[in-house]
Amino acid sequence: MLHRVIDYNPSILLPNSLTREALTALNAADRECILVGHSHDRRDIVGLLTQAKLLQHIATVQDWENYSVEAIAIHEFTICPESELSNPIKLSKFVESSPLTHLLIADEQDKIIGVLLVKHLQQILNINQEVEETFINRLDAEIELQQLLQQKLHTSYTQTNALLGAMSDIVLVIDLETDNLKIELPNPNLSNDAIADFLNQTLELFYDSAYSEWFVGQVKLALKEQNTIEFEYTLLDNGNIAWFVASISPVSEHSVIWVARNISDRKQADAELAKLSLVASKTDNLVVISDRYGAIEWINESFIKTTQYTLAEVRGRKPGNFLQGALTDRETVEKMRQAIQDRVPFQGEILNYRKDGKLYWLALSINPIFDDRGELTNFIAIESDITQRKQSEQEVFKALNKEKELSQLKSDFITIASHEFRTPLTVIMAAAKLLKYYDDRLSQEQKQQQLDRLLRGCDRILRLLEDILILGKADAGKIEFNPAFIDLELFCEELLAELRLSDGDRHDFLFTYQGKPHQKVSIDEHLLHHILSNLLANALKYSPLHREIELDLQICDRQAIFKIRDRGIGIPPEDMQHLFEAFHRAKNANNIQGTGLGLAIVKRAVDLHSGTISVESKVGEGTTFTAIVPF
């Protein structure tokens with residue numbers, strides 16, 4: 001409760017800071033005081049400026065804002081060691097001896113770590129007094145309930161040990177004012193004869209001389225330090241060793257309250273846990289033991305080797321707070337969290353992160369542990385590293401997907417090729433039959449037309465075969481990358497001249513260039529021809545007659561940036577993600593001749609240059625491809 005009212009992050013101002021800065025700091029931090037000094041070191045603190053002191057200064061001094069905080073600070077203050085916060089007697093003395101409104105809290109290195117309002121301390125001390133009175137009242141009631149048992153107890157050594165073994169909590173008020181150690185029960189008003197036998201007796205009544213001397217020594221140590229001390233000790237209980245944990249708290253200069261609890265069951269559980277830890281430390285599986293709230297208490301060596309975290313780094317932390325990351329499946333995490341909350345076993349697989357950020361897969365089984373009373377005490381997680389298995393599964397999955405893609409490509413190829421080959425072959429066959437059977441009836445002009453049809457059909461088949469061969473080589477990694485210095489400006493002009501000739505002035509071409517005149521750069525000319533010719537051919541194919549086709553070239557920062565822009569039919573948004581896949585065609589291009597290979601070839605040629613290609617398009621308004629080729 002005391003720690004809730006301590007300001008563990010006190011603000012500090014240099015001594016030469018002005019009072020207006022202090023007012024700003026107090027308002028911003030919403031605090032009642034500020035330290036004045038050069039650091040939080042106890043030796044560097046020269047004063048304490050409270051809100052009340054500052055307001056008094058503002059109200060009584062003109063030009064108040066230009067005073068230094070050191071001039072108006074309180075230079076007398078009380079410092080309380082952090083170790084004495086748990087001692088109500090010493091805290092009470094601090095309250096009584098300090099006329100100030102604040103206490104400074106210092107750690108073992110004399111660093112000021114907090115500020116405590118004395119009024120809050122007084123309130124807590126009053127509350128603690130009320131709690132103590134309530135405790136004594138409850139203790140009185142428990143003593144009354146134990147009267148029948150205590151009536152049958154004798155004051156012998158064996159009977160007293162039996163009493164200690166039967167009670168889980170033992171409370172004794174011990175007074176060392178005289179040479180003889182005396183024991184008094186907390187409620188002096190009880191008149192039962194058996195209880196009266198315990199009053200004003202020495203410890204030799206209960207223990208032999210060795211034990212009683214040791215007990216006296218512990219009491220004297222607590223009285224000397226005027227501080228609560230805690231320790232563990234053992235007693236013989238009907239021939240068996242009983243473990244106790246005790247705390248001795250001074251209540252005056254010569255008396256203490258001794259509270260002891262039998263922890264034999266806990267010690268036995270600790271021993272069993274130690275055996276379990278020994279077994280768990282020898283297994284290749286990762287073993288994690290956590291408390292009832294999921295905070296780690298123990299890990300084995302396999303956990304340390306796999307995660308790279310030591311026990312000191314993870315003790316008291318929940319595994320999910322440092323092992324899970326962005327790629328961890330949220331649904332699995334939620335199922336595991338729900339199982340832990342419901343106190344039921346959980347089994348599953350999860351992707352975790354090591355300390356160095358690397359990923360690993362675990363198959364884990366988490367089981368709740370209950371004591372004899374059915375109370376949850378711990379969780380034990382047994383985990384197996386299945387990273388290698390998961391990687392193998394992913395490789396198999398990739399292979400299956402690749403096989404599926406190849407199967408789909410074969411199917412698409414058969415569909416496209418059969419259609420694309422059938423059309424020119426039909427044209428070739430028809431022209432050949434006309435020339436064969438009607439040669440004597442055809443004029444020279446008609447014969448030339450049929451020969452042109454034959455040539456166009458053959459050219460179309462050759463181009464289709466070339467595209468298929470190029471794509472196959474690219475996917476097999478067999479296309480050679482042979483960069484050489486070429487004049488890109490001249491290359492683009494010559495390519496556009498060829499297209500104008502083949503297009504027959506059905507479209508308008510516009511070429512713009514930014515860079516040094518006729519600059520030569522190192523690029524694979526053959527692959528670049530595939531990139532630009534396919535992109536420009538598509539622009540012509542999908543643009544209405546006499547619409548403008550633009551080719552922009554910019555050379556800067558050791559890269560060539562090509563933009564091919566048309567005012568054609570555009571590409572639907574749903575087709576954009578599949579645009580560079582082989583044999584894929586947009587749904588609004590089904591009635592236009594094409595194989596769906598051109599853009600796939602463009603993408604592979606750009607990739608061979610370690611470049612990038614992007615597209616912007618709007619249906620009915622046109623498309624712009626941007627290819628960036630480094631050199």
Side-chain angles (χ1 to χ4, degrees), residues 410-474 490-511 525-551 564 566-569 582-586 588-602 605:
K410 291 177 182 178
S411 176
D412 293 340
F413 169 74
I414 293 172
T415 301
I416 295 294
S418 62
H419 177 269
E420 290 300 317
F421 279 116
R422 183 183 293 113
T423 300
L425 285 173
T426 301
V427 172
I428 292 171
M429 186 175 292
K433 285 183 178 179
L434 284 173
L435 291 173
K436 179 178 180 179
Y437 296 112
Y438 301 99
D439 179 69
D440 57 336
R441 302 181 189 180
L442 298 175
S443 65
Q444 191 62 33
E445 184 180 355
Q446 289 175 327
K447 290 179 181 179
Q448 188 62 46
Q449 289 177 351
Q450 297 306 317
L451 287 172
D452 289 341
R453 292 179 65 190
L454 278 170
L455 291 173
R456 286 195 299 270
C458 291
D459 182 63
R460 184 174 172 185
I461 290 175
L462 287 173
R463 279 189 275 111
L464 177 60
L465 287 172
E466 183 181 6
D467 286 348
I468 293 172
L469 289 173
I470 291 172
L471 192 62
K473 286 182 179 180
L490 181 59
F491 179 88
C492 292
E493 290 174 345
E494 291 177 349
L495 180 60
L496 288 176
E498 293 175 7
L499 288 173
R500 287 190 185 96
L501 184 63
S502 63
D503 184 58
D505 294 328
R506 290 179 296 177
H507 296 87
D508 299 324
F509 292 88
L510 176 63
F511 174 56
E525 182 176 358
H526 181 67
L527 293 176
L528 181 61
H529 189 276
H530 282 299
I531 295 172
L532 296 182
S533 61
N534 276 291
L535 291 175
L536 288 167
N538 280 350
L540 291 171
K541 185 188 302 182
Y542 299 115
S543 295
L545 294 178
H546 306 298
R547 291 291 180 89
E548 192 172 67
I549 308 297
E550 298 179 22
L551 170 59
I564 294 87
D566 65 54
R567 275 86 176 169
I569 62 175
F583 303 111
H584 177 79
R585 303 200 69 209
N588 61 343
N590 290 332
N591 296 326
I592 301 175
Q593 186 181 12
T595 61
L597 296 177
L599 289 179
I601 293 172
V602 169

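Keep in mind the model is a prediction, meaning the values are calculated, not measured.
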## Note on the structure
Sequence neighbours excluded, the answer for side chain to side chain contact (heavy atoms under 4.5 Å, CB included) partners of Lys447 is Leu435, Asp439, Leu442, Gln444
### Message
My understanding is that only residues two or more places apart in sequence, or in another chain, count here; which of them pass side chain to side chain donor-acceptor pair (under 3.5 Å) with Gln449?
### Response
none
### Message
Under the rule for side chain to side chain donor-acceptor pair (under 3.5 Å), what residues qualify as partners of His526, not counting sequence neighbours?
### Response
His530
### Heavy-atom closest contact (Phe491 atom, Glu525 atom, distance)
CE1-CG, 3.6 Å
### Reported CG-to-CG distance for the pair Asp566 and Leu535, which is rounded to 0.5 angstrom
10.0 Å
### Query
In chain order, what residues pass the side chain to side chain donor-acceptor pair (under 3.5 Å) check against Asp508, with sequence neighbours excluded?
none
### Query
What is the minimum heavy-atom distance between Ala539 and Ile549, and which atoms define it?
O-CD1, 3.6 Å
## Note on the structure
Sequence neighbours excluded, the answer for side chain to side chain donor-acceptor pair (under 3.5 Å) partners of Gln450 is Arg453
#### Entry: Over all atoms of both residues, closest heavy-atom pair of Arg567 and Arg547
O-NH1, 3.1 Å
### Task
Count the heavy atoms of every other residue, nucleotide or ligand shown that sit under 6.0 Å from OH of Tyr438, and state whether that count exceeds 12.
no
List, one per line, each side-chain donor-acceptor pair under 3.5 Å for residues 492-507, sequence neighbours excluded.
unit_1, atom_1, unit_2, atom_2, d
Ser502, OG, Glu498, O, 3.3
Ser502, OG, Leu499, O, 3.1
Asp503, OD1, His507, ND1, 3.1
Asp503, OD2, Arg506, N, 3.0
Asp503, OD2, His507, N, 2.8
Asp503, OD2, His507, ND1, 3.3
Arg506, NE, Asp503, O, 2.8
His507, NE2, Ser543, O, 3.1
His507, NE2, Pro544, O, 3.2

### Task
To the nearest 0.5 Å, tell me how far Phe509 CZ sits from Glu548 CD.
10.5 Å
### Query
Which atom names give the shortest non-hydrogen contact between Ile531 and Val602, and what distance separates them?
O-CG2, 3.7 Å
### Between CG on residue Leu454 and CE on residue Met429, distance to nearest 0.5 Å
11.0 Å
